There are 2 protein chains.
Amino acid sequence: MSNRKLNNYISVDCVIFGFDSEKLNVLVVDRTLKADDGSDEFSDLTLTGNHIYEDETIVEAADRILYDLTGLRNIYLEQFKTFAAPDRLKKENDRKWLLHDNRDPDKRIVSIGFFALLATQKVTLEWKGRNVRWMPVEEVGELGFDHNLILSEALVAMRNKLIHEPIGFELLPDKFTLSQLQKVYEIILDTTFDKRNFRKKVGRMKYLIPLDEKQKGVAHKPARLYMFSREVYEKTRKEILNFLV
Amino acid sequence: MSNRKLNNYISVDCVIFGFDSEKLNVLVVDRTLKADDGSDEFSDLTLTGNHIYEDETIVEAADRILYDLTGLRNIYLEQFKTFAAPDRLKKENDRKWLLHDNRDPDKRIVSIGFFALLATQKVTLEWKGRNVRWMPVEEVGELGFDHNLILSEALVAMRNKLIHEPIGFELLPDKFTLSQLQKVYEIILDTTFDKRNFRKKVGRMKYLIPLDEKQKGVAHKPARLYMFSREVYEKTRKEILNFLV
DNA sequence: CCAAAAGTGTTAACATTACACCCATGG
DNA sequence: CCATGGGTGTAATGTTAACACTTTTGG
């Protein structure tokens, strides 16, 4: 595996979302370039991304990045948009970083954007020698490259998907409570729902399976746990004409 | 403009859909390679696509292709998926075609897929020296490169969009009847709707503007014409939680 | 016994579905 | 005067939205 060749003009960028029952977070990595004297030439943040190997598909490349960061397979992953503007890597810091990394800052690099939803907060703390951490989406400042654009497009695509398809579960543990699920939708869609109406609505979804199991160790009435069945979903889903106002 | 440089590893493929009040059609071009003796080495069909210029964004490249084919600007256009499998151009005919075209068949080429919806049937008959024509989607046989995959993914993305957002109008003239609109949905979603219920439903959409104008020259009661107002749509649209069954 | 979140039901307004007949035009 | 597609209403059923109180647990 050590002699695989990296393609030098096709990359994937992964916008990895995580949920901590309070906020929507995104995984970012430090990008610090040292000057010759050891001081920081600059230091900022980027999303996670990498060039693809020549023998690898783009989905395999995205899966590889996710595995390297989390040690997990079968994470929810979706290709949402591709970025190839001529000037997307042309900011001063970006050029310096690419040169330092032995890459050609004048090469047109196309990047395929994926977003991933994580059921857990476990990630490595270091990745390719760079520090990795979760950051609440609303606290993200200026990122390197065109990653602010990629992040905002990922958010649009993810919210859109969340509205139309059952993917909220992917941000929760396998077993979750209805209140946790409601919170996912409320926080990501920046709204609130009536508890009784929300429960009535999800109660109609056959693929949301109630378990004979409750929360433990909470200082209030323990909630029933539920799980999502993709199998039931695939069997019962029907498309609905919904191009309303 | 004549000295613009083409990028040799980033291309866009356009899946151009048209509607003729009977069928959903897609634009295909002949791909005929002549042998030395003038006979056909092979002859098949592909979708429309092209490499991008170095100074051009991918949307600009797709717009350019659409303009070259139709002479129209502002066509409905959407980036839906990117294709970069290592073997996507490796079939025998594909290699021959690329070689003949002075391109490197071993170069990894990434192609960004767009689909377009056309309100008219007008297209050029020739494009880059190749014959162009409409073909009903269900009659499309084996296409060159990975274009069957690109077409089927375009169909999935287009149907999905059609269900959730008002884009059916884009396949009709600016002024259209409700029966034409119903037919668009019926044919593309392969279903039927009750006429009264369909009209009740679209009657609630404020962005569908009834005109003081009727069909002319039809051998039956002439239908009222309508138009779509994107402006009203943008103002009145609201997102709805709809991840039901 | 207190704090915290879980869980539950009713009503009114609106949306969906199923279903059949007359109307205006061109030929 | 006929063939063609345009246009319309009602009743039953299902969905949404608004709204408040009791229950179970840990501390």
Side-chain angles (χ1 to χ4, degrees), chain A residues 19-22 163-164 166 172-173 175-187 189 191-227 236-245, chain B residues 19-22 163-164 166 172-173 175-187 189 191-227 236-245:
Chain A
F19 187 73
D20 62 5
S21 64
E22 286 299 323
I163 286 166
H164 299 297
L172 293 171
K175 300 173 180 179
F176 52 85
T177 71
L178 294 184
S179 294
Q180 289 173 322
L181 185 63
Q182 184 175 341
K183 196 121 198 206
V184 166
Y185 285 92
E186 289 183 338
I187 288 179
L189 302 177
T191 182
T192 57
F193 298 105
D194 175 83
K195 187 162 51 155
R196 279 169 292 189
N197 293 340
F198 185 86
R199 280 158 193 252
K200 227 177 295 168
K201 183 155 193 160
V202 299
R204 257 175 269 125
M205 302 167 188
K206 309 265 171 50
Y207 49 80
L208 193 59
I209 317 282
L211 303 174
D212 284 331
E213 203 174 334
K214 304 204 163 190
Q215 279 184 313
K216 278 188 186 120
V218 287
H220 53 75
K221 181 172 174 177
R224 177 183 286 271
L225 296 175
Y226 289 76
M227 58 172 282
T236 57
R237 112 226 265 337
K238 52 176 183 289
E239 299 294 0
I240 289 165
L241 238 200
N242 190 44
F243 55 108
L244 283 164
V245 173
Chain B
F19 187 74
D20 62 5
S21 63
E22 286 300 324
I163 286 167
H164 298 298
L172 293 171
K175 299 173 179 181
F176 52 86
T177 71
L178 294 185
S179 293
Q180 290 173 322
L181 185 64
Q182 185 174 341
K183 196 121 197 208
V184 166
Y185 285 92
E186 289 182 338
I187 287 179
L189 302 178
T191 182
T192 56
F193 297 105
D194 175 84
K195 188 163 48 157
R196 279 170 292 191
N197 293 340
F198 185 85
R199 280 159 193 252
K200 227 178 297 169
K201 182 155 193 160
V202 299
R204 254 176 270 124
M205 301 169 188
K206 308 266 171 50
Y207 49 81
L208 193 58
I209 317 283
L211 303 174
D212 285 331
E213 202 174 335
K214 303 202 165 194
Q215 278 184 313
K216 278 187 188 122
V218 287
H220 54 75
K221 181 171 173 178
R224 178 184 285 271
L225 296 175
Y226 288 76
M227 58 170 283
T236 57
R237 113 226 262 341
K238 52 176 183 285
E239 300 293 0
I240 289 165
L241 240 199
N242 190 43
F243 55 107
L244 283 165
V245 173

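In what follows, chains carry the letters A, B, and so on, assigned in the order in which the sequence lines appear, proteins first and then strands, with residues in each chain numbered from 1. As the structure is a prediction and not an experimental result, all values here were calculated from the model.
Rounded to whole Å, the distance from CD on Gln182(A) to P on dA5(C) is 13 Å. Regarding Lys201(A), its NZ atom lies at a distance of 10 Å from the P atom of dT15(D), rounded to whole Å. We find that NE2 of His220(A) is positioned 5 Å from C1' of dA5(C), with the value rounded to whole Å. For Arg196(B) and dG9(D), the CZ to C1' distance is 8 Å, given to the nearest whole Å. Per the geometry, CZ belonging to Phe193(B) stands 15 Å off C1' belonging to dA15(C), to the nearest Å. We find that CZ of Arg224(A) is positioned 14 Å from C1' of dT24(D), with the value rounded to whole Å. Rounded to whole angstrom, the span from the NZ atom of Lys183(A) across to the P atom of dA4(C) amounts to 14 Å. The distance from atom CD of Gln180(B) to atom P of dG5(D) is 12 Å, rounded to the nearest whole Å.
The CG atom of Leu178(A) lies 14.5 Å from the NZ atom of Lys201(A); values are rounded to the nearest 0.5 Å. How far CG of Leu172(B) is from CG of Leu225(B): 11.0 Å, rounded to the nearest 0.5 Å. Atom-to-atom distance recorded for Met227(A):CE and Glu213(A):CD is 10.5 Å, nearest 0.5 angstrom. Thr192(A) OG1 to Lys183(A) NZ: the interatomic distance, rounded to the nearest 0.5 Å, is 11.5 Å.
Applying the side chain to side chain donor-acceptor pair (under 3.5 Å) criterion to Lys200(B), with sequence neighbours excluded, gives Asn197(B). A search for ring-ring contact (aromatic ring centres under 6.0 Å, His included) contacts involving Phe176(A) returns Phe169(A), not counting sequence neighbours.
At the phosphate of dT16(C), OP1 or OP2 sits under 4.0 Å from a side-chain N or O atom of Arg204(B). Residue Arg199(B) has a polar side-chain atom (N or O) positioned under 4.0 Å from OP1 or OP2 of dG7(D). Contact check, Ser179(A) against dA5(C): no side-chain N or O comes under 4.0 Å of OP1 or OP2.
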Could you list the protein-to-nucleotides 10-13 of chain C atom pairs, N/O on both sides, closer than 3.5 Å?
| residue | atom | partner | partner atom | Å |
| --- | --- | --- | --- | --- |
| dT10(C) | O4 | Lys200(A) | NZ | 2.8 |

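Closest approach to the Lys195(A) side chain among dC19(D), dA20(C), dG7(C) is made by dG7(C) (side chain taken as heavy atoms from C-beta onward). Closest to the side chain of Lys221(B), out of dA24(C), dC19(C), dA20(D), is dA24(C).
Both Asp194(A) and Gly217(A) lie close to DNA chain D; mapped to their nearest nucleotides by heavy-atom distance, the more 5′-ward contact belongs to Asp194(A).
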